[in-house]
Amino acid sequence: MNQYKEDVEIDLVRLFKYLLSKSKKLLLIGIVFGLAGLAYKYYDVELSGRSFADEPNLVSYEKNVKQPNGTITVEKKKASYNQFLSEMESRQKNNEVQKTLASYEKANISSELKVLENELKDQQNYMENSVLLNSDQVCYEAVHYYLASEKGGKNSIKLQPVIKNKYVPGVPQVQPVRRPKSAANTEAEIVQLEAKDSSLTSFARTLLYTDKFKNEFASALGLSDETSDKLIEELVTLNKIDDISFIISLKATSKEDVYKLQKVLSQYDSELTSFLKNEYDINSNEISFGKVKSSYVEALREQESQHVNDLLIEIENKKQELNSVALVEEPVTSVSLNKLKLKKYAIFAFGGLAVGLFLALGAFTCVYLFDGRLHDPENLMFDDLKTLACVHDSSYSKASADEIQKLNESVEVLCKDKKSVTVVSTLNESEIVNVTSVIKDALAANGISAFNIVKPQNMKSISEADALILAEKIDRSKLDDVIGEIVQIKNIKKDILGIVFA
């Protein structure tokens, strides 16, 4: 019997249709597994007594990690819900600290920027109203020398007439760009600190630039009371020589204005002497009076212009520094614990559904392949066995009208001269009624009324029949039984007109 079996390829289309016919069962099995997965996770989360918030690898987030070379990389981290909350709280506090530091730094830079802008405004105002810088006339200068001696003592230094006519106004130096306060003092700055004013010189300088004398000097030249301090310091300058001597130079655009300044200076001399009469004797003398060289004014103009440029550069640098204040914040996110639970439930529910469907598909596929039933007419490989029709009225395929017509005509032609026809089938009559009714009608059309339906075991009816037709049903008939049926009939030397598949 096995000699008639042939290995055939799986009909994937028919297998797919077969699985579709089991779709309700497949879905039911999947739902059962899904509910089982959901029940398991619900117990694990709600009823097991274990804290779901401490479950590891529950939440994913990104974290900035500083590498040994100083670079910062973003790494993905997984943690429990409680660890995630702790991380987010830490980030929140750190971000607040970073904001505070950045705000403080911006406030400091803004304050410095405001000071520079006010200084620039004052400098520009000074240059617009400067007596020396905006004058095309010849300027004049009177230089007065002051020497102090302590009461009861004698100074070895005396006024020397030779000083007269040898005094030359010093060329002003361009002020260096300011440096941060944190920068270390240079050697030049240390020398400057060592050469600071003595108490005598400091007092003389303070008295000279009090509001009283500033207003007096401005009034003498017809300037307004709002005249800037720098404009007065340009015209009235005190320079230290040593701890007990200094000079005061008076500059103006005419001799008459210089004389007016000297009148104010005489008031200054009187007050200075009065203030220091208990400690010092103050001697003063005019040592120079003459024109100011044009090179001095040019140098002063260049110095003040350079000062404006330096201030503009500093202001621009401060603006860039303000804009470049870094604020490194890590994102702070929030996650709902209930949403995490629902997510876990969904994962286990759909996971169970998928596992159930996979197992059910595998099981039904195995049933299809190994149940031993007849799934394709080609499984019956007999050279003289004709297929009259393949109606395919199975659980997943409906009968075709063309195949029914083919069966009807085939029976009419093959049984035209026959007296009796017997249909042999391993199945019950009720299972093949769709084809037996067609055969019966076709025989009736030929006037044949002798028609029987028998099992393969009924050898007497089979041997007495004038014509034999086999009828089997796809996915119902057992392959081995059908092959045994065919072999048995052939052994008794009975011809088979053909086989029809219901």
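All values below come from the heavy atoms of this structure, side chains included, with hydrogens, waters and symmetry mates left out.
- Considering all non-hydrogen atoms of both residues, S135 and Q137 come closest at OG-N, 3.2 Å.
- Between the T206 side chain and the S202 main chain, a donor and an acceptor come within less than 3.5 Å of each other.
- Counting only heavy atoms from C-beta outward, the side chains of F213 and E271 approach each other to under 4.5 Å.
- Note: Y209 and F217 fail the aromatic proximity criterion, with ring centroids not under 6.0 Å apart.
- Rounding to the nearest 0.5 angstrom, the gap separating the OG atom in S110 from the CD atom in E105 is 10.5 Å.
- Between the CG atom of D122 and the CG atom of D229 there is a distance of 9.0 Å, given to the nearest 0.5 Å.
- Rounding to the nearest 0.5 angstrom, the gap separating the CZ atom in R205 from the CD atom in E233 is 9.0 Å.
- Between A326 and A102, the shortest heavy-atom contact is O-CB, 4.3 Å.
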Residue pair K76, K78: steps toward the side-chain contact (heavy atoms from CB on, under 4.5 Å) verdict: CA-CA 7 Å; K76 288 188 175 181; K78 288 188 175 182; over 6 Å; no
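- For the residue pair D242 / S245, a side-chain donor-acceptor distance below 3.5 Å is found, with atom types taken as modelled.
- Classification of K260 and D257 as a salt-bridged pair holds, one side-chain N sitting under 4.0 Å from a carboxylate O.
- Atom OG of residue S198 and atom CZ of residue F203 lie 12.0 Å apart, to the nearest 0.5 angstrom.
- Pairing each heavy atom of L19 with each of L26, the nearest pair is O-CD1, 3.5 Å.
- In summary, K93 and E96 do not engage in a salt bridge, as defined by a charged side-chain N under 4.0 Å from a carboxylate O.
- When atom types are taken as modelled, the side chain of S23 and the backbone of L20 share a donor-acceptor pair closer than 3.5 angstrom.
- For the atom pair S274 OG and L272 CG, the distance stands at 9.5 Å (nearest 0.5 Å).
- Remark: side-chain polar atoms of S324 are paired, donor with acceptor, to backbone N or O of Q320 under 3.5 angstrom.
- Checking side-chain atoms of N215 against main-chain N and O of D211 turns up a donor-acceptor pair under 3.5 Å.
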F289 vs Y259, ring pair (Phe, Tyr, Trp, His ring centres under 6.0 Å): CA-CA, chis, key distance, verdict: CA-CA 10 Å; F289 190 100; Y259 294 145; 5.4 Å; yes
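- Counting heavy atoms from C-beta outward, L200 and D243 have side chains that stay 4.5 Å or more apart.
- Listed for the N285 side chain is no donor-acceptor partner under 3.5 Å among the backbone atoms of I287.
- Side-chain contact between Y146 and L238 is absent, with no heavy-atom pair separated by less than 4.5 Å.
- Inter-residue side-chain proximity for T333 and Y61 is flagged as unmet; no heavy-atom pair is nearer than 4.5 Å.
- Between F501 and K473, every side-chain heavy-atom pair lies at or beyond the 4.5 Å cut-off.
- Using modelled atom types, one side-chain atom of Q123 and one backbone atom of E304 make a donor-acceptor pair closer than 3.5 Å.
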side-chain hydrogen bond (donor to acceptor under 3.5 Å, both in side chains) evaluation trace for N108 with E112: CA-CA 6 Å; N108 283 342; E112 293 176 3; over 6 Å; no
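- In this structure, P331 and M88 approach most closely via the heavy-atom pair O-SD, 4.1 Å.
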Derivation of the side-chain contact (heavy atoms from CB on, under 4.5 Å) call for H307 and E119: CA-CA 10 Å; H307 190 198; E119 187 176 349; 3.4 Å; yes
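- Contact between Y81 and L58 at its shortest, heavy atoms only, is CB-CD2, 4.0 Å.
- Using a cutoff of 4.0 Å between basic side-chain nitrogens and carboxylate oxygens, E321 and K318 are scored as salt-bridged.
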Trace of the salt bridge (Lys or Arg N to Asp or Glu O under 4.0 Å) decision for E87 with R91: CA-CA 6 Å; E87 173 68 20; R91 285 188 183 185; 3.2 Å; yes
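- With respect to K230 and E234, no salt bridge is recorded, no charged nitrogen being found less than 4.0 Å from a carboxylate O.
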Criterion side-chain contact (heavy atoms from CB on, under 4.5 Å) on I315 and L113, from CA distance to verdict: CA-CA 6 Å; I315 289 173; L113 181 61; 3.6 Å; yes
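- Considering only heavy atoms from C-beta on, L38 stays 4.5 Å or farther from F348 through its side chain.
- Only one option out of K255, K291, K251, K293 pairs with E141 in a salt bridge (charged side-chain N to carboxylate O under 4.0 Å, His left out); it is K251.
- Counting only N and O atoms by type, the side chains of S336 and N338 include no donor and acceptor under 3.5 Å apart.
- Looking at S103, its side chain never comes within 3.5 Å of a backbone N or O of K99 through a donor-acceptor pair.
- Without hydrogens or angle criteria, S130 side chain to Y126 main chain gives no donor-acceptor distance under 3.5 Å.
- Summarising the geometry, atom CG belonging to L147 is positioned 9.5 Å from atom CZ belonging to F246; distances are rounded to the nearest 0.5 Å.
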Verdict with reasoning, N125 to N129, per side-chain hydrogen bond (donor to acceptor under 3.5 Å, both in side chains): CA-CA 6 Å; N125 181 62; N129 299 286; 3.1 Å; yes
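- Within a 6.0 Å sphere centred on NZ of K106, heavy atoms belonging to other residues, nucleotides or ligands number 12 at most.
- For the pair E89 and Q92, the minimum side-chain heavy-atom distance is 4.5 Å or more.
- At least one donor-acceptor pair under 3.5 Å links the side chain of S305 to the backbone N or O of R301.
- Annotation: side chain of I248 is in contact with side chain of Y268 (closest heavy-atom distance under 4.5 Å).
- A salt bridge links K344 with E55: the closest approach of a Lys/Arg side-chain nitrogen to an acidic carboxylate oxygen falls below 4.0 angstrom.
- Shortest non-hydrogen contact noted between I31 and L353 is N-CD1, 3.6 Å.
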